[in-house]
There are 2 protein chains.
Amino acid sequence: MTEANTRNRQPSMADVARTAGVSAQTVSRALRDSPNVNPETRRRVLAAVDELGYRFNNAAKMLSSGRSHSIGLVLLQSGGYYSRSAVTAGVEAAAGRAGYSVSIATIADLDTAQMERSLSKLADQGVDGIVIAVPLISVTRKMEDITSDIPTVTVDGSRTAGARVLGIDQREAGRVATQHLLDLGHRQVWHVAGPDEWIEARQRRQGWQECLAAAGIEAPPPLEGDWSPRSGYRQGQILAMIPDVTAVFAASDEMAFGLIKALREKGRAVPGDVSIVSVDDIELAAYCHPPLTTVRQDFYRSGEAAVALLLDDESAAQTEVAAATLSVRSSTAAPRTR
Amino acid sequence: MTEANTRNRQPSMADVARTAGVSAQTVSRALRDSPNVNPETRRRVLAAVDELGYRFNNAAKMLSSGRSHSIGLVLLQSGGYYSRSAVTAGVEAAAGRAGYSVSIATIADLDTAQMERSLSKLADQGVDGIVIAVPLISVTRKMEDITSDIPTVTVDGSRTAGARVLGIDQREAGRVATQHLLDLGHRQVWHVAGPDEWIEARQRRQGWQECLAAAGIEAPPPLEGDWSPRSGYRQGQILAMIPDVTAVFAASDEMAFGLIKALREKGRAVPGDVSIVSVDDIELAAYCHPPLTTVRQDFYRSGEAAVALLLDDESAAQTEVAAATLSVRSSTAAPRTR
DNA sequence: CGAGACTATGTTATCGATGCCATGAGTAAC
DNA sequence: GTTACTCATGGCATCGATAACATAGTCTCG
């Protein structure tokens with residue numbers, strides 16, 4: 001009589017079975033694999049499903065099969081909207097294709113306690129696997145416990161006992177960027193790095209250092225930002241006060257935006273006085289002024305690869321590497337000849 | 001002997017009960033509410049939980065309680081990395097605070113079939129509620145079925161029978177932006193809109209039209225982009241060929257970036273010759289050249305509000321409105337006096 | 001034509017937590 | 001001192017699907 005009454009409970013497999021005139025087990029078989037089910041029976045079952053608007057109960061399925069067919073994704077709330085979205089999309093797409101759903105757990109800051117909480121939350125949900133898309137600073141006992149129970153992949157190169165590592169070669173990105181500047185004739189390359197807790201940041205910095213070292217150049221002290229355009233702007237103000245700077249490698253496009261703004265304000269033209277290379281190749285990189293020369297990395301593919309690594313037991317040891325390719329635009333040029 | 005063997009099944013409530021010397025039922029009570037449990041008993045239970053590393057089984061809980069304590073979030077893969085991330089973060093944060101987890105389902109394009117599939121997927125997972133963060137073009141029977149079974153909130157203003165609507169007043173954004181240009185002395189304001197299927201886009205366009213109408217100005221035909229900087233660039237090339245254009249309202253910051261680039265290339269200075277206002281206030285808006293005057297909208301808050309609306313039955317009819325505030329920077333100026 | 005293999009289907013136990021009811025201990029009230 | 005009631009806890013059925021086992025019928029082949 002009341003409205004609540006109209007909302008009967010969802011039909012169950014037993015209801016379908018009754019309607020189709022078969023047993024629940026047969027319904028289960030008809031709906032999943034199909035080793036041995038009479039086509040005619042299956043037709044009847046499907047008809048009944050359709051008629052009743054049956055929708056299988058995931059909880060029950062999960063309870064009896066022990067698998068949730070869902071994977072967890074740990075993200076950082078701040079810091080690089082771009083790569084975060086791209087990884088998410090890649091993970092979700094690959095998971096979806098494999099019949100898995102994705103649960104997200106974001107952490108506000110790179111903080112051990114929050115990380116533990118997120119992992120616990122995902123573990124409580126019973127995810128079959130976890131993709132960690134943020135750097136693990138220090139791995140606690142509790143994290144180890146969880147990651148050794150549940151297959152885990154980290155996409156940033158952090159290591160923990162149970163977790164496989166998907167290597168995106170960030171050093172390569174640093175090398176490519178730096179080498180490009182050297183090739184243009186610059187004698188020195190400065191660097192605005194990301195936060196040191198991020199493996200990405202460390203690796204890019206390493207690539208930069210290695211590249212300079214290989215060219216026999218002593219690297220200047222790196223400046224450090226936090227990925228944000230604002231931090232790039234800050235560091236740019238500092239760089240603008242150093243006379244000899246002709247080339248800068250920024251660890252992210254967003255920081256490069258800030259960098260350019262600061263340099264311009266101090267009367268340093270880009271690329272006339274200072275060349276800038278960064279990493280990410282976000283969509284806007286081509287539409288700022290000047291268009292950014294930047295190293296493209298396929299985060300979407302990384303997300304996909306992470307899921308593949310997670311679900312495919314065979315390729316256990318395989319760590320895929322996303323190649324780094326340079327998009328040359330107009331923020332770099334040969335140094336001004338004196 | 002084999003490695004598989006080492007991975008014993010997770011301890012269950014019964015195991016905890018045995019260890020603590022109580023019944024499973026008592027464990028259940030001790031771990032949840034607490035109407036009638038002896039403090040000493042609870043202590044023993046908690047100790048046992050800790051000792052065994054017990055982690056409750058979500059599937060079982062869900063099966064017996066009928067609630068999954070998870071909500072689904074439908075996102076569009078492409079189109080505006082920014083707002084997508086912000087909404088996601090807001091949803092996840094609010095859901096997390098309420099003890100809910102978030103499952104995502106992305107769709108590649110605005111396509112009815114994909115939308116149906118995503119909703120089905122979420123429904124199959126047994127989510128307790130759904131937040132739809134993409135526009136529903138046409139609502140099919142199947143979608144209605146799902147949204148009437150499961151509480152649903154759409155954050156973009158699309159309407160469907162079962163879904164509540166979280167109104168973010170996009171018309172207001174359009175009005176604020178247009179009015180700003182008129183206040184500066186512009187006699188006409190052009191518009192580069194988002195795709196017409198997006199309610200956001202339509203509403204912003206309406207706001208623009210209404211504002212012009214109120215000022216007694218006949219609106220020029222709107223141009224249409226797809227939110228991407230590239231599409232802004234295309235439309236900018238067209239606008240640059242029209243002599244009288246002095247002010248443009250772009251429906252997103254990203255399109256404004258493209259617009260500015262195109263105008264600049266055709267020799268039209270921003271804001272000297274053409275003023276530009278857009279919407280979103282992404283972080284980079286302040287760091288491009290010139291810094292964008294743009295309307296800020298708090299998508300994070302929208303995400304939070306959507307969850308609140310979903311979980312809080314009381315405020316059923318309440319549609320929260322995120323205010324639109326203008327960030328005035330340097331992409332707008334008074335028109336050149338002749 | 002009978003043994004073994006294979007097909008299509010039904011029966012029963014089970015996953016792990018919870019809801020409901022039962023029970024015994026302690027306690028307040030008359 | 002018996003009634004009535006609360007508190008703390010245990011026992012059992014249950015949620016819905018599945019795995020494992022069971023069974024009746026069909027087919028194949030020597």
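Lettering follows sequence order; numbering is per chain, from 1.
- Looking at B:Lys121 and B:Asp124, no side-chain N of the basic residue comes within less than 4.0 Å of a carboxylate O on the acidic one, giving no salt bridge.
- The side chain of A:Leu63 lies closest to C:dG16, out of C:dA17, C:dG19, C:dG16.
- The nearest whole Å value for the distance from the CZ atom in A:Arg55 to the P atom in D:dA17 is 12 Å.
- For the atom pair CG (B:Leu122) and OG1 (B:Thr152), the distance works out to 9.5 Å, reported to the nearest 0.5 Å.
- Distances shown here put a side-chain N or O of A:Thr41 below 4.0 Å from the OP1 or OP2 atom of C:dT9.
- Taken to the nearest 0.5 Å, the CG atom of B:Leu31 stands 10.5 Å off from the OG1 atom of B:Thr26.
- Distance B:Lys61 NZ to D:dG16 P: 18 Å, rounded to the nearest Å.
- With rounding to whole Å, A:Asn58 atom CG is found 18 Å from D:dC15 atom P.
- When the side-chain nitrogen and oxygen atoms of A:Ser65 are compared with OP1 and OP2 of D:dT18, none of them lie within a distance under 4.0 Å.
- With sequence neighbours excluded, the residues satisfying side-chain contact (heavy atoms from CB on, under 4.5 Å) with B:Thr112 are B:Glu116, B:Ser138, B:Thr140, B:Met143.
- Here C:dG19 is the nucleotide among D:dT18, C:dA17, C:dG19 with the atom lying nearest to any side-chain atom of B:Gln25.
- With sequence neighbours excluded, the residues that form a ring-ring contact (aromatic ring centres under 6.0 Å, His included) with A:Tyr100 are A:His69.
- Atom CG of A:Leu31 is separated from atom P of D:dG16 by 16 Å (rounded to the nearest Å).
- Regarding A:Arg43, its CZ atom lies at a distance of 13 Å from the P atom of C:dT9, rounded to whole Å.
- B:Ile132 is not listed as a side-chain neighbour of B:Leu73, based on a closest heavy-atom distance of 4.5 Å or more.
- Mapping A:Ala60 and B:Gly21 onto DNA chain D by nearest heavy atom places B:Gly21 closer to the 5' end of the strand.
- Nucleotides of DNA chain D nearest to B:Asn38 and B:Ser64 differ in position, and the one nearer the 5' end is that of B:Asn38.
- Remark on DNA chain C: of its neighbouring residues B:Ala59 and A:Thr26, the 5'-side contact belongs to A:Thr26, judged by nearest-heavy-atom nucleotide.
- The pair B:Arg43-B:Glu40 meets the salt-bridge criterion, with a side-chain N (NZ, NE, NH1 or NH2) lying under 4.0 Å from an Asp/Glu carboxylate O.
- Taking the screw axis at each terminus of the helix from C:dC1-D:dG30 to C:dC30-D:dG1 from five consecutive base pairs, the angle between the two is 40° to within rounding of 10 degrees.
- When rounded to the nearest whole Å, the span between CE of B:Met62 and P of C:dA17 equals 15 Å.
- When the nucleotides D:dT9, C:dA17, D:dT18 are ranked by their closest atom to the side chain of A:Met13, D:dT18 comes out on top.
- Contact annotation: B:Ser23 side-chain N/O to D:dT9 OP1/OP2 distance is not under 4.0 Å.
- Closest to the side chain of B:Val22, out of C:dT18, D:dT18, D:dG10, is D:dG10.
- In the interface, the side chain of B:Arg29 is not paired with the base of C:dG19 through any donor and acceptor atom under 3.5 Å apart.
- The nearest whole Å value for the distance from the CZ atom in B:Arg18 to the P atom in D:dT9 is 19 Å.
- Between the P atom of D:dG16 and the CG atom of B:Asp124 lies a distance of 15 Å, rounded to the nearest Å.
- Remark: A:Lys142 does not engage A:Asp145 in a salt bridge, criterion side-chain N to carboxylate O under 4.0 Å.
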